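Computed from a prediction, not measured in an experiment: that's the story for all the values here.
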Amino acid sequence: MKTITTHLAILFLLLFINSKADINNEFGYYTTKDDYLKKKITIIQNMEESENYNVGELIYKDKKNVEHKISCLKEKYWGFRYIDGLDYMYMDGFFAKIVLLGRIDLLISPKASFKIDTDGKYVFNKTKDGKLNFYFMKGLDPETQATFEKMIADEKLILKEYQSDKDNYGEFINKQMLYLKKYNEAVPKLKKGAKK
């Protein structure tokens with residue numbers, strides 16, 4: 001009886017892990033930003049690697065193993081989740097990789113990569129041809145894109161601390177990530193005359 005209970009517990013654990021894996025392995029596109037925010041993804045079964053995913057060209061194979069292409073740019077899709085498990089959104093002719101969401105969002109060049117180490121520090125890697133651009137914006141709106149200092153300018157204390165910080169963080173983005181975290185964690189102050 002004890003072994004049957006153990007086997008059932010293991011079976012349920014495996015089913016739970018597989019169901020979690022399926023949720024994390026859903027690749028496809030987001031028609032609108034609202035779909036992305038609600039995690040309402042239109043799933044593309046059997047998505048394949050695509051050399052041109054940076055411009056929204058997604059490839060999949062049907063049940064007969066025939067290859068098909070979807071152009072997110074042509075279809076005017078807001079973004080997609082690629083086979084790397086990361087989300088991308090349309091900017092100005094390309095799809096940037098979403099790294100961090102908050103009061104300020106951070107995106108990077110689509111073919112650059114990043115990882116988060118055990119200390120929670122972000123490590124960024126350039127593309128094969130050496131590109132690594134950072135895009136700071138608010139509300140995932142490319143129209144709000146600006147330099148980092150302009151993005152944090154409404155939090156005067158954080159901006160002042162950032163500007164006076166002369167420590168060596170190695171890559172410049174490391175310093176920005178430190179202050180981006182502080183900014184995103186700060187509760188915004190109400191503007192004078194604004195209702196609570």
Undergrad: Any chance you could measure Ser109, atom OG, to Phe94, atom CZ, to the nearest 0.5 Å?
TA: 7.0 Å
Undergrad: With sequence neighbours excluded, what pairs up with Phe80 under the ring pair (Phe, Tyr, Trp, His ring centres under 6.0 Å) test?
TA: Tyr88, Phe95
Undergrad: List the atom of Asp35, the atom of Thr31, and the distance in Å for their closest heavy-atom pair.
TA: OD2-CB, 3.3 Å
Undergrad: Test: salt bridge (Lys or Arg N to Asp or Glu O under 4.0 Å). Region: residues 63-76. Which pairs qualify, not counting sequence neighbours?
TA: Glu57-Lys69
Undergrad: Report yes or no: do Phe134 and Leu180 belong to one cluster of Ile/Leu/Val/Met/Phe/Trp/Tyr joined by side chain heavy-atom distances under 4.5 Å?
TA: yes
Undergrad: Kindly compute the distance separating CG (Leu106) from CG (Leu101), expressed to the nearest 0.5 Å.
TA: 9.5 Å
Undergrad: Please tabulate, one pair per line, all N/O donor-acceptor pairs under 3.5 Å involving side-chain atoms of residues 151-164, not counting sequence neighbours.
TA:
unit_1: Asp154; atom_1: OD1; unit_2: Tyr183; atom_2: OH; d: 2.8
unit_1: Asp154; atom_1: OD2; unit_2: Tyr183; atom_2: OH; d: 3.0
unit_1: Glu155; atom_1: OE1; unit_2: Lys189; atom_2: NZ; d: 3.3
unit_1: Glu155; atom_1: OE2; unit_2: Arg103; atom_2: NH1; d: 3.3
unit_1: Glu155; atom_1: OE2; unit_2: Arg103; atom_2: NH2; d: 3.1
unit_1: Lys156; atom_1: NZ; unit_2: Ala153; atom_2: O; d: 3.3
unit_1: Glu161; atom_1: OE2; unit_2: Lys182; atom_2: NZ; d: 2.6
unit_1: Gln163; atom_1: NE2; unit_2: Glu149; atom_2: OE1; d: 2.9
unit_1: Ser164; atom_1: OG; unit_2: Lys160; atom_2: O; d: 3.0
unit_1: Ser164; atom_1: OG; unit_2: Glu161; atom_2: O; d: 3.3

Undergrad: I'd like a table of donor-acceptor pairs (distance under 3.5 Å, sequence neighbours excluded) in which one partner is a side-chain atom from residues 119-126, with atom names and distances.
TA:
none

Undergrad: Let me confirm one number: the CG-NZ distance from Asp84 to Lys111, rounded to the nearest 0.5 Å.
TA: 11.5 Å
Undergrad: Scan side-chain atoms only and decide if Tyr30 and Asp87 contain a donor-acceptor pair under the 3.5 Å cut-off.
TA: yes
Undergrad: Scan the side chains in residues 40-49 for donor-acceptor partners under 3.5 Å anywhere in the protein, sequence neighbours excluded, and list what turns up.
TA:
unit_1: Asn46; atom_1: ND2; unit_2: Lys61; atom_2: O; d: 3.3

Undergrad: Listed by chain and number, what are the salt bridge (Lys or Arg N to Asp or Glu O under 4.0 Å) partners of Lys38, not counting sequence neighbours?
TA: Asp34
Undergrad: Could you grab the distance from atom CG of Asp165 to atom CG of Asn168, nearest 0.5 Å is fine?
TA: 10.5 Å
Undergrad: With rounding to the nearest 0.5 angstrom, report the CG to CD distance, Leu107 to Gln145.
TA: 8.5 Å
Undergrad: For Lys97, is there any backbone N or O sitting under 3.5 Å from a side-chain donor or acceptor partner on Tyr82?
TA: no
Undergrad: Is it the case that over 12 heavy atoms from other parts of the model lie below 6.0 angstrom from the NZ atom of Lys131?
TA: no
Undergrad: Identify, with sequence neighbours excluded, every residue that meets side-chain hydrogen bond (donor to acceptor under 3.5 Å, both in side chains) alongside Asp167.
TA: none
Undergrad: How about Tyr36 and Met89: do any of their side-chain heavy atoms sit closer than 4.5 Å?
TA: no
Undergrad: With a 4.5 Å heavy-atom cut-off, do Lys138 and Ile104 have their side chains touching?
TA: yes
Undergrad: Side-chain heavy atoms under 4.5 angstrom apart, residues restricted to Ile, Leu, Val, Met, Phe, Trp, Tyr: same cluster for Leu86 and Leu132?
TA: yes
Undergrad: Only counting residues at least two apart or in another chain, list the ones meeting ring pair (Phe, Tyr, Trp, His ring centres under 6.0 Å) with Tyr169.
TA: none
Undergrad: Just to verify, which of Ser71, Cys72, Ser50 counts as forming a side chain to side chain contact (heavy atoms under 4.5 Å, CB included) with Leu58?
TA: Cys72
Undergrad: Kindly write out the residues that satisfy ring pair (Phe, Tyr, Trp, His ring centres under 6.0 Å) with Phe136, not counting sequence neighbours, or none if the list is empty.
TA: Phe148
Undergrad: Quick one: list whatever passes side-chain hydrogen bond (donor to acceptor under 3.5 Å, both in side chains) with Asp117, sequence neighbours left out.
TA: none
Undergrad: With sequence neighbours left out, what residues match Asp105 under side-chain hydrogen bond (donor to acceptor under 3.5 Å, both in side chains)?
TA: none
Undergrad: Step by step, would you call Asn184 with Leu100 a side-chain contact (heavy atoms from CB on, under 4.5 Å)?
TA: CA-CA 10 Å; Asn184 282 344; Leu100 186 67; 4.2 Å; yes
Undergrad: Using the rule that two of Ile, Leu, Val, Met, Phe, Trp, Tyr join whenever any of their side-chain heavy atoms come within less than 4.5 Å, decide whether Val99 and Ile83 are in one cluster.
TA: yes
Undergrad: Hey, quick one: are Ile98 and Ile116 part of the same hydrophobic cluster, counting side-chain heavy atoms closer than 4.5 Å, chains of contacts allowed?
TA: no
Undergrad: Just wondering, more than 12 heavy atoms not from Lys175 lying within 6.0 Å of its NZ?
TA: yes
Undergrad: As an exercise, state the distance from CE of Met177 to OH of Tyr179, rounded to the nearest 0.5 Å.
TA: 14.0 Å
Undergrad: Please check if Tyr53 and Ile108 belong to a single hydrophobic cluster, counting links between Ile, Leu, Val, Met, Phe, Trp and Tyr side chain heavy atoms closer than 4.5 Å.
TA: yes
Undergrad: My understanding is that only residues two or more places apart in sequence, or in another chain, count here; which of them pass side-chain hydrogen bond (donor to acceptor under 3.5 Å, both in side chains) with Asn65?
TA: none
